[in-house]
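Shown next, in C-alpha cells, is the structure this report addresses.
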Amino acid sequence: MNEQEITQLITRVLTDEASADEKQRLEKWRNMHTDNEMQFQQTRMIWDNAALFEEDVDTDAAWEKFSARLKTSQKTVNLRTYFRIAAATILIGGAGLLLANLLMGPSMRTVQTASNEIKEINLPDGSIAWLNHDSKLEYEEDFSGKVRAIKLNGEAFFEVTKNPEKPFVITSAHSVTTVLGTSFNLTAYDSTEDVMLNVATGRVSFISTKTKEEVIVTANENASITPNGNTIKHDTYDINGLSWKTKKLVFNNASMAEIFKVLEHYFNVKITVTNPLINNCHTSATYENPKLKNVLDDMSKAANFSYTQKGKEIIVSGEGCK
Amino acid sequence: MEGIQALHNDQSIIERMQQGDERALELLFKTYYAQLCRFARNMLKDSTQAEDMVQDVFMKVWDKRGQINITTSLKAYLFMAVRNHCLNALKVNERKFWMDESMEDDTRLSDDDMINELSAKSLSERINVAIDKLPAKCRQTFQLSRFEELSYKEIAETMNVSVKTVENQMGKALSFLRTTLDPYIKESMIGMFIIGLFAS
C-alpha cells in the first residue's frame with residue numbers, strides 16, 4: 001500500500017466507512033511497524049480533537065420566525081384563489097366588479113398600546129415591531145402588496161427581515177421611512193413634533209413628505225424631520241434612544257437638562273424645573289431596569305435639588321450649578 | 001442498518017409533509033437547521049445571510065413537498081439544496097468559486113504567519129486553524145464528514161461529485177492536517193505518554 005492508500009484507509013476507519021475486511025487490513029498494517037502505529041495514532045488524535053469553534057444558532061427562535069413566514073405564504077396562496085374567483089365573476093356580469101373590489105381591498109390590522117404598556121408584534125413577513133406606550137401601528141394583514149406597508153403613530157423599534165424585492169415602508173406624521181432589512185427606532189407621536197429615527201444596524205432611507213427631501217441614515221446614526229419638512233442628520237447615536245426597549249439608562253457626564261428629557265420620555269412623565277440653573281448640573285450614572293424614584297433620588301443628591309411628585313407631574317427646585 | 005432506519009424515517013417524514021403535516025416540517029427544521037446554517041455560513045461568510053438561505057430552502061421544500069425525490073437521504077438532499085442555493089447567491093459559477101482559493105497559496109507550511117497562529121494554542125484550536133488553511137472543497141468535505149456526520153455517499157450527493165472524489169479529498173485533508181500539526185501532535189502524545197506512566 002502506498003502513502004495515499006494508507007491515509008485513505010485510516011480515514012475510512014475513522015469515518016466508519018470501512019468494511020470488516022478493511023479494518024483487518026489496517027490492524028495488520030499497524031502491527032507491522034511502530035512508525036505505522038504512530039501515524040495511525042496521530043491521525044486519530046486529529047480526528048478526535050477537531051472541534052467546532054462557532055457561535056450557536058438559535059433554532060427555536062428561527063423556527064418561530066420561519067413559521068410566521070410559512071403562514072404568510074399560505075395566505076398568499078389563498079388570496080390568489082380569491083383573485084381567480086373574482087376574475088371569473090367579472091366575466092359573468094357587472095355585479096362581479098363590485099365584488100372584486102370588495103375582495104381586493106387589503107385588510108388592515110391595527111395594534112394599539114396604552115400609556116403603561118409595550119407590545120411586541122410579529123409581522124407577517126417575520127419582522128418584529130416593539131410598540132412603545134401610547135402608540136398605534138397599522139399594517140396590511142398579509143403584506144401581499146408591492147411593498148410591506150406600515151403606518152405608525154407613536155414610537156416603535158423595528159427589526160426588519162431582509163427582502164430586497166419588497167421594501168418595508170413606514171408612513172408617519174410627515175415622513176416616509178424605507179428599509180430593505182435592518183433594525184431601527186422611529187419616534188413619530190404627533191404631527192406637531194419632530195419625527196426621530198435611530199438606526200441600530202443597516203441602512204434606512206428617511207424622506208420628508210413635505211419637501212420630498214431624503215436622508216440616508218446608517219448604523220449608529222440618527223436623524224429627525226421637523227413638522228415643516230426640514231431634515232436634520234446627527235452622526236452621533238442617541239445612547240438612550242432605545243432605553244424603553246433595553247430597560248437601560250446611561251448618563252455620561254450628562255446635564256440635568258438632558259437627563260430630565262430622557263427621564264420624561266422613559267417614564268412618560270413631565271418634569272418642570274423652577275430654577276434653570278439646575279439644568280447646568282452634570283453627572284454620570286447607569287441604570288438597569290430603573291425605577292423613577294431611585295433615579296430622582298440619585299439625581300437630587302448629585303445636583304443638590306429637592307422635588308415633589310403629583311401623578312405624572314414632577315417639580316424640581318434648588319440652587320443649581322453655575 | 002442505521003442507513004435503512006434513517007431512510008425509513010425520511011420516507012415517513014416526507015409522507016407526513018405531503019399530507020400537509022406541519023409538525024413533520026418542524027421536526028425536520030429543528031433537526032438540521034443549525035447544521036445547515038453552519039454549512040451555509042462557511043460558504044457565504046455571513047451568518048445572517050446564511051440563515052436566510054437555509055430558511056429559503058425549507059420554504060422551498062415545503063412548497064414543493066409533492067416532488068421531493070430522495071436518492072441517498074433527506075439530510076443529503078437538504079445539504080445539497082442549501083449548497084446550490086448558496087452558490088446561486090454567490091452569483092459565481094461553481095468553478096470560479098472554488099478556483100479563488102488555490103492549493104498552492106493555502107498549504108505552504110513554512111509560512112511564518114501560520115507558525116505564529118499555531119503557537120500557544122490548545123490542540124483543538126490548532127487543528128481548527130489548520131482546517132481553515134485547507135483548500136475550499138477539501139475543507140467542506142472534511143467538515144461535512146467530521147462535524148455534520150455525513151457519510152461519503154451523502155457528501156458526494158451534496159457536493160455533486162463521485163464517492164471516489166470524496167475519498168480523495170478526505171485523505172488529502174487528513175494527510176495535510178497530520179503533516180502540518182506533526183510537531184504539536186508529538187508534543188501532546190508525549191504528554192499523554194507521561195501521564196500514562198504515572199497513572200500505571
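Each chain gets a letter, A, B and so on, in the order the sequences are listed, and its residues count up from 1.
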Legend entry - Side-chain heavy atoms of B:L181 within contact of A:Q42, under 4.5 Å: no
Legend entry - Heavy-atom side-chain contact between B:E167 and A:T11 under 4.5 Å: no
Inset, instruction - Identify, with sequence neighbours excluded, every residue that meets side chain to side chain donor-acceptor pair (under 3.5 Å) alongside A:N49. - result: none
Legend entry - Contact class of A:T15 relative to chain B, heavy atoms under 4.5 angstrom: side chain
Legend entry - Flag, side chain of A:E17 to backbone of B:Y152, donor-acceptor distance under 3.5 Å: yes
Inset, instruction - Nearest 0.5 Å please: distance from the CG atom of B:D182 over to the CE atom of A:M38. - result: 7.5 Å
Inset, instruction - Using the ring pair (Phe, Tyr, Trp, His ring centres under 6.0 Å) rule, collect all pairs that involve residues 17-44 of chain B, keeping only residues at least two apart or in two chains. - result: A:W63-B:F29, A:F66-B:F29, B:F29-B:Y33, B:F29-B:F58, B:F39-B:F79
Legend entry - Flag if over 12 foreign heavy atoms under 6.0 Å of NZ, B:K153: no
Legend entry - A:D16 atom CG: more than 12 heavy-atom contacts under 6.0 Å: no
Inset, instruction - Determine the minimum heavy-atom distance between A:A62 and B:E51, stating which atoms define it. - result: CB-OE1, 4.1 Å
Inset, instruction - Decide yes or no on side chain to side chain contact (heavy atoms under 4.5 Å, CB included) for B:R146 and A:L14, but give the supporting numbers first. - result: CA-CA 9 Å; B:R146 178 63 185 88; A:L14 292 173; over 6 Å; no
Inset, instruction - Select, from B:K30, B:M170, B:E26, the one with the greatest count of heavy-atom pairs under 4.5 Å involving chain A. - result: B:E26
Inset, instruction - Measure the shortest side-chain to side-chain distance between A:T7 and B:K172 over non-hydrogen atoms and say whether it is less than 4.5 angstrom. - result: no
Inset, instruction - For residues B:F147 and A:A50, report the shortest heavy-atom separation together with the two atoms involved. - result: CE2-O, 3.6 Å
Legend entry - B:R178 side chain vs A:I46 backbone, donor-acceptor pair below 3.5 Å: no
Inset, instruction - Please look at A:E3 and chain B and tell me whether the side chain, the backbone, both or neither of the residue comes under 4.5 angstrom of a heavy atom of that chain. - result: side chain
Inset, instruction - Grab the two heavy atoms, one from B:I127 and one from A:M45, that are nearest each other, plus how far apart they are. - result: CD1-O, 4.4 Å
